[in-house]
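For the numbers below, each heavy atom of this structure counts, side chains included, while hydrogens, waters and symmetry mates do not. Worth saying up front: this structure is predicted, and the values here are computed from it rather than measured.
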Amino acid sequence: MTHQHKSEHNHSHHHDDGHNHDHSNFEGNRFKLFLPSIISVVLLLLGIALDNWIPHEWFSGWMRIVWYILAYIPVGIPVLKEAFESIRKGDVFSEFFLMGIATIGAFTIEEYPEAVAVMLFYAVGEVFQTLAVSRAKSNIKSLLDQRPDEVTILENNNPKTIKAENVNIGAIIQLKSGEKLGLDGELLSENASFNTSALTGESKPDTKQKGETVLAGMINLNTISQVKVTTAYQDSKLSKILELVQNATSQKAPTELFIRKFARIYTPIVVFLAVGICSVPYFFVNEYLFSQWLYRALVFLVISCPCALVISIPLGYFGGIGAASRNGILIKGSNFLDVLANVQNVVMDKTGTMTEGVFQVQEVNFSSEFDKDEILRMVNVLESHSTHPVATAIHQFVGEIDLSIELKNTEEIAGHGLKSTINGTDILVGNFKLMNKFGIKYDLNPNDIVYTTIVVAYDNKFVGYITIADSIKEDSQLTINKLKALNVKPTMLSGDKTTVVKHVAQTLDITTAFGDLLPEDKVNKVKEIKTKGESVAFVGDGVNDAPVVALSDVGIAMGGLGSDATIETADVVIQDDKPSKIPMAIHIGKQTKKIIWQNIGLAFGVKAIVLVLGAGGLATMWEAVFADVGVALLAILNAVRIQRMRF
């Protein structure tokens, strides 16, 4: 229906034109929104008083008609204009058209106060809806305020303040204590503490070291810091996130799409039924009084207007997306809220999702016939070609890379490891599968080692292994408990060693866990669950998990602060890497769905009762107004509840 577009068009101007709105400005907007209704209600009440309690001779005939028309104009004209616009665009049966005929019809049968009241209540409902939408939007838009408009850059060591969008890549930003960073960059100072709550919803300070990436929206906490800009303003992580959030409402949920289609078919039927109510009794009723049946038809029209549904359903989804974004969860469309509500399985990657993804070398176990330090230097050089967290652990353990070692023909074998040639001799670094692939003999059982193991072979001989361990995230246990409480089955998949995966799974009480998986094995495991007809959410760190994310019903990415690829392939992005946000997202989905079905039930229930009464002549225009506007208001208030909930 045109309604939602209109609302979005009208409502977006509150916040879209920059972020310098103060509270009083919003209050002013609020007053402006209510002004037509206030004028109308004053004139209407005076009119009713003059009609009933303090009758005046002059208040009759054309004077009375003009009075009520004046009361009608402030609230009626905008609606009639909308109806006219809709008809011009070919959408005849909009709710504006329904309200228009009902109220003008009421004027023709001299029910002036009712005509004004219907339009007045409708206008008040519209204002409440506007406020609810702008509140949900401002929840989401509060993210927008995370980008400062101006930044201080250093030119020849002199600070100079310029607009953030004009800053070039490579410029150096000087960030005072308490100041917010405007662009993504690399920290030049030795270290600095940042409040990252804008991006992650987390208030705990995050200390960054020299050379680490810092993102727009982070607040510098104590010392003056310098940051070298690495990304243009419009490409910063925050801008990407904001774009996603703003587009989120364009992806409609099935319920929402159904209601739209329903309104398109329903409204014309209602109009023809109303015509029938007015004209058919002429042939069957002895004392046919045209004005009486016209009144019933008009009551029928007002009652059957599907405002409550058209307004409250998108609003419910909007509230759900807003509530999630306030908790650091980005949901890319209302359809994913529906999917989250029905998820039966959460399949998660181990490293970086349930564990920190920060590895440390535990022990080096090499055969004595090799020079331990020399092999480690070679492994360090070779691993510097890999982006895997294991490579970082080895680099931290061994230290600087020995530039005198030259590698030739280096290749990465997916799911196995790395192979290269140093001084004409082959070196292999990877897992036991890599050894088996190249026929390297080893005399130990891989399953005896619990930790993640990096195996090394040099000159076709088995050198030994390095063990590496990763710690479990502090809220992983809570996550699993909450998922089970929501009747969702957790499954853990990993490319890591089965012994490690089983160890983590036992610690966290996950019954289904698989290790030693290649990316395609993960895809097959998810397919297996889907063949049972169950819905699957996949949680991963995105980049190597893209195929699984695409296959699952809803792809959840860990680390909105991680890779851009993650943000783009996933349907839900958890911005602070906390696994406990997975059950929270499911919970928000369930609550949203509950509220939307409550609204559908409420709207249909009340309407059905009053429709029957209206057609039988038992309901007047006032009951009709309650059925329409009252239900719409109740539905709006119910939908706004989501934003107030604590998850």
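- The nearest pair of heavy atoms linking N345 to V343 is O-CG1, 3.4 Å.
- Taking the ring axis of W293 as reference, the NZ or CZ atom of R296 stays within 45° of it and closer than 6.0 Å to the ring centre.
- Checked against side-chain hydrogen bond (donor to acceptor under 3.5 Å, both in side chains), Q292 has no partners two or more places apart in sequence or in another chain.
- For the atom pair CG (L486) and CG (L340), the distance works out to 11.0 Å, reported to the nearest 0.5 Å.
- The side-chain contact (heavy atoms from CB on, under 4.5 Å) search around L294 returns T108, I109, C278, F290, L298, not counting sequence neighbours.
- Looking at every heavy atom in both residues, A341 comes nearest to K593 through CB-CD, 3.8 Å.
- Residues D338 and T592 are not in side-chain contact: their nearest non-hydrogen atoms beyond the backbone lie 4.5 Å or more apart.
- To the nearest 0.5 Å, atoms NZ (K532) and NZ (K527) are separated by 16.0 Å.
- Taken from CD1 in I38 to CG in L33, the straight-line distance is 10.5 Å, to the nearest 0.5 Å.
- A donor atom on one side chain and an acceptor atom on the other are not found under 3.5 Å apart for K590 and N342.
- In this structure E150 satisfies the salt bridge (Lys or Arg N to Asp or Glu O under 4.0 Å) test with no other residue, sequence neighbours excluded.
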Between Y317 and I596, is a side-chain contact (heavy atoms from CB on, under 4.5 Å) present by the stated rule, with each step listed? CA-CA 8 Å; Y317 284 116; I596 280 161; 3.4 Å; yes
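- Here the closest heavy-atom approach between residue I321 and residue I331 is recorded as CG2-O, 4.1 Å.
- Of the possible donor and acceptor atoms, none in the side chain of E534 sits under 3.5 Å from a partner among the backbone N and O of I529.
- Contact between V536 and D553 at its shortest, heavy atoms only, is N-OD2, 2.7 Å.
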Assess whether side-chain contact (heavy atoms from CB on, under 4.5 Å) is satisfied between F97 and S86, documenting all intermediate values. CA-CA 8 Å; F97 175 69; S86 304; over 6 Å; no
Full working for side-chain contact (heavy atoms from CB on, under 4.5 Å) between I556 and I574: CA-CA 7 Å; I556 303 176; I574 290 175; 3.6 Å; yes
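- No donor-acceptor contact under 3.5 angstrom links the side chains of Y233 and N166, judged on distance only.
- By the side-chain hydrogen bond (donor to acceptor under 3.5 Å, both in side chains) test, N638 pairs with Q598, N599, R641, sequence neighbours left out.
- For the pair S37 and L120, the tightest heavy-atom approach, listed with the atom from each and the gap, is O-CD1, 3.4 Å.
- Take K163 and apply the salt bridge (Lys or Arg N to Asp or Glu O under 4.0 Å) test, not counting sequence neighbours, and it matches no residue.
- Not a single donor-acceptor pair under 3.5 Å links the side chain of K581 to the backbone N or O of I329.
- In this structure, CG in D571 is found 11.5 Å from CG in L337, a value given to the nearest 0.5 Å.
- Once rounded to the nearest 0.5 Å, the distance linking NZ of K594 with CD1 of I642 reads 10.5 Å.
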Verify side-chain contact (heavy atoms from CB on, under 4.5 Å) between K489 and V346, making sure each step is shown before the conclusion. CA-CA 6 Å; K489 204 171 114 200; V346 169; over 6 Å; no
Review item, side-chain donor-acceptor pairs of residues 68-77, under 3.5 Å, at least two apart:
{"residue": "Y68", "atom": "OH", "partner": "G47", "partner atom": "O", "Å": "3.2"}
{"residue": "Y68", "atom": "OH", "partner": "I48", "partner atom": "N", "Å": "3.4"}
{"residue": "Y68", "atom": "OH", "partner": "D51", "partner atom": "OD2", "Å": "2.7"}
{"residue": "Y72", "atom": "OH", "partner": "T103", "partner atom": "OG1", "Å": "2.7"}

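- Expressed to the nearest 0.5 Å, how far CZ of F84 lies from CD1 of I87 amounts to 8.0 Å.
- Summarising the geometry of N327 relative to I588, their closest heavy-atom pair is ND2-CD1, 4.3 Å, with the distance given to 0.1 Å.
- Summarising the local packing, OH of Y288 is surrounded by more than 12 heavy atoms from other residues, nucleotides or ligands at distances under 6.0 Å.
- L44 places a side-chain heavy atom less than 4.5 Å from the side chain of P113.
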